[in-house]
Amino acid sequence: SACVLAGVMILAVGLSYMNIHSSQRIFSDMFSDSQEKIFGQIEERFYRFYNDLAEISQEVAGGSAVKDYLTAETADPVMEQGIVYQMQQQVADTKIQKYDNVTLLLAGINERSYMYRRTDLIRMKLSDILAYPVTAKARENPGRLVCKYMEAGFTTTMEKQPVVTFCRAIADHGRTIGYIYLVLKESEMRNFYDYFLAGKSDIVVFNQENEVISTNNERYFLPGDEQLSHLLDIMAKAEKSRIYRTRRQEDGEQINYLVQQFRNTDFVIVGTVNVQRTFYEAYNLTKNIVTAMAAAGGIIVLVFVFVRRQTLPVNRLVSSMREQER
């Protein structure tokens, strides 16, 4: 009977393993398809956001009232007030009103500045802001909205918060007269994709220069990180594809990579999903397996005890008959 019970146990374990393996493969395919659709939604949200910022920066940078504010030199207080009012109206008439989480700053090389959010204050010298790498990148790319990650913002509400800064140079008659900055907390950027994060998964958003501007895993902000280099290699292979998906075995685990090229922006989002861990977490599989094995073991013990008790009189009778035969 012990052999029979052991055989049943081995068969049950084998069938359970086959069932789990098959379920994991089906889960992997369905989960990957759903994540690709979610990526499309993320891309659409980010595209609308970027387009709005590009439109805001273009209208502000091309507006005559803003240019007057950044270049005018007058001692007439009435004229000065009129210039300021016209500039404020031009900024307020853009889509910046839609975004309470975005701070707009105008910074002129003539030391003039204006911040749209009256509840916030600049915490540093204008010359320091004009020396930012994002400013230099905007100066090198006139007419283009550039973007960079910064470890801290330049306003009182963002001075201890990582931020994502968009910048465009403002030109007048071929010369740069100032810059427009559109800044939001990096945590706000994560709102575009936080619903993608399920199980063991990471998201990394890259700007036009393949620099990380947002991620749920801070290790990707570290220069020279091995996993970051790995993602850049995968991005290079996906360069000609707007949507790219690949599945790899790494350290004995299955990892899915999804690369989405944001249309007309040169931004890229990369998602990594550890399918095996996600599967186990989604179904709480480890706990369920332990519980099932404990229950099966308990049942087998009970069956063994029951069978033994039922066959004990027979065994005694057989033993007694053998002794009589001797």
Side-chain angles (χ1 to χ4, degrees), residues 49-50 52-54 56-61 63 65-73 80-81 83-85 87-88 90-92 94-97 99-172 175-191 205 207-209 211-215 218 220-223:
F49 174 72
Y50 180 86
D52 283 349
L53 294 193
I56 292 168
S57 66
Q58 185 173 4
E59 289 179 1
V60 171
V66 170
K67 292 180 179 179
D68 288 343
Y69 176 73
L70 295 178
T71 58
E73 296 180 2
E80 173 67 19
Q81 186 175 359
I83 292 173
V84 172
Y85 175 78
M87 177 273 299
Q88 291 175 340
Q90 185 176 353
V91 172
T94 67
K95 290 183 178 180
I96 189 62
Q97 300 179 49
Y99 297 100
D100 293 333
N101 57 347
V102 176
T103 295
L104 184 152
L105 172 69
L106 289 176
I109 59 175
N110 63 352
E111 295 296 321
R112 282 196 168 195
S113 66
Y114 169 72
M115 190 156 55
Y116 178 71
R117 301 293 176 202
R118 293 186 177 89
T119 57
D120 211 353
L121 297 172
I122 301 175
R123 67 173 183 86
M124 58 175 56
K125 295 180 180 178
L126 205 61
S127 58
D128 292 335
I129 298 175
L130 293 175
Y132 276 151
V134 70
T135 309
K137 181 60 67 173
R139 185 167 53 249
E140 295 167 4
N141 297 269
R144 182 184 180 192
L145 183 64
V146 301
C147 174
K148 282 188 179 292
Y149 167 84
M150 296 166 52
E151 293 184 354
F154 47 72
T155 67
T156 52
T157 60
M158 299 184 184
E159 60 181 336
K160 296 181 180 179
Q161 298 280 341
V163 297
V164 180
T165 303
F166 296 82
C167 182
R168 182 193 292 265
I170 301 174
D172 184 43
R175 65 186 182 94
T176 300
I177 59 173
Y179 301 87
I180 174 174
Y181 300 88
L182 297 161
V183 189
L184 76 159
K185 296 176 182 178
E186 192 269 332
S187 58
E188 295 282 352
M189 178 75 78
R190 274 182 257 145
N191 290 335
V205 183
N207 65 5
Q208 302 100 322
E209 284 74 41
E211 300 169 338
V212 179
I213 60 171
S214 181
T215 179
E218 294 184 357
Y220 294 107
F221 285 124
L222 301 175

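Keep in mind the model is a prediction, meaning the values are calculated, not measured. Values below: all heavy atoms of this structure, side chains included; hydrogens, waters and symmetry mates excluded.
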Practice prompt. Starting from the C-alpha separation in whole Å, work towards a yes-or-no answer on side chain to side chain contact (heavy atoms under 4.5 Å, CB included) for F49 and V102.
Written response: CA-CA 11 Å; F49 174 72; V102 176; 4.1 Å; yes
Nearest heavy-atom neighbours spanning [X] and [Y]:
X	Y	value
E188	N101	OE1-ND2, 3.4 Å
S57	L182	CB-CD1, 4.2 Å
I213	E186	O-CG, 3.5 Å
F154	V183	CZ-CG2, 3.5 Å
A61	K67	O-CE, 3.3 Å
L130	G108	CD1-O, 4.0 Å

Discussion item. Is it the case that over 12 heavy atoms from other parts of the model lie below 6.0 angstrom from the CD atom of Q58?
Written reply: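 Check fails, neighbour count at 12 or below.
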Worksheet item: If you count the non-hydrogen atoms of other residues, nucleotides and ligands that lie under 6.0 Å from CD in Q81, is the total more than 12?
Response: no
Worksheet item: With a 4.0 Å cut-off, would you call E80 and R112 a salt bridge?
Response: yes
Practice prompt. Check whether any side-chain heavy atom of T165 sits under 4.5 Å from a side-chain heavy atom of Y132, and report yes or no.
Written response: no
Worksheet entry | V146 vs V134, side chain to side chain contact (heavy atoms under 4.5 Å, CB included): CA-CA, chis, key distance, verdict | CA-CA 7 Å; V146 301; V134 70; 4.0 Å; yes
Discussion item. I'd like to know if the side chain of D68 reaches the main chain of A72, judged simply by a donor and an acceptor atom lying under 3.5 Å from each other, with no hydrogens or angles considered.
Written reply: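 Side chain of D68 to backbone of A72, a donor-acceptor pair under 3.5 Å: no, none is there.
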Worksheet item: Does the N110 side chain pair with the main chain of L70, one donor and one acceptor, at a distance under 3.5 Å?
Response: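 Judged by distance alone, yes, a pair lies under 3.5 Å.
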Working to the nearest 0.5 angstrom, can you tell me the gap between [X] [atom1] and [Y] [atom2]?
X	Y	atom1	atom2	value
M189	T215	CE	OG1	12.0 Å
Q208	K148	CD	NZ	9.0 Å
Q90	E59	CD	CD	8.5 Å
E111	S127	CD	OG	6.0 Å
Y149	F221	OH	CZ	4.5 Å
N141	E209	CG	CD	7.0 Å

Worksheet item: Where do I129 and L105 land on the side chain to side chain contact (heavy atoms under 4.5 Å, CB included) test, with the steps shown first?
Response: CA-CA 10 Å; I129 298 175; L105 172 69; 4.0 Å; yes
Discussion item. If the test is side chain to side chain contact (heavy atoms under 4.5 Å, CB included), which one of L145, L53, L104 qualifies with I180?
Written reply: L104
Fill in: Chi angles and distances behind the side chain to side chain contact (heavy atoms under 4.5 Å, CB included) call for L106, I170
CA-CA 9 Å; L106 289 176; I170 301 174; 3.8 Å; yes
Worksheet item: Between T103 and Y181, does any side-chain donor sit less than 3.5 Å from a side-chain acceptor?
Response: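 Side-chain D/A pair, T103 to Y181: absent.
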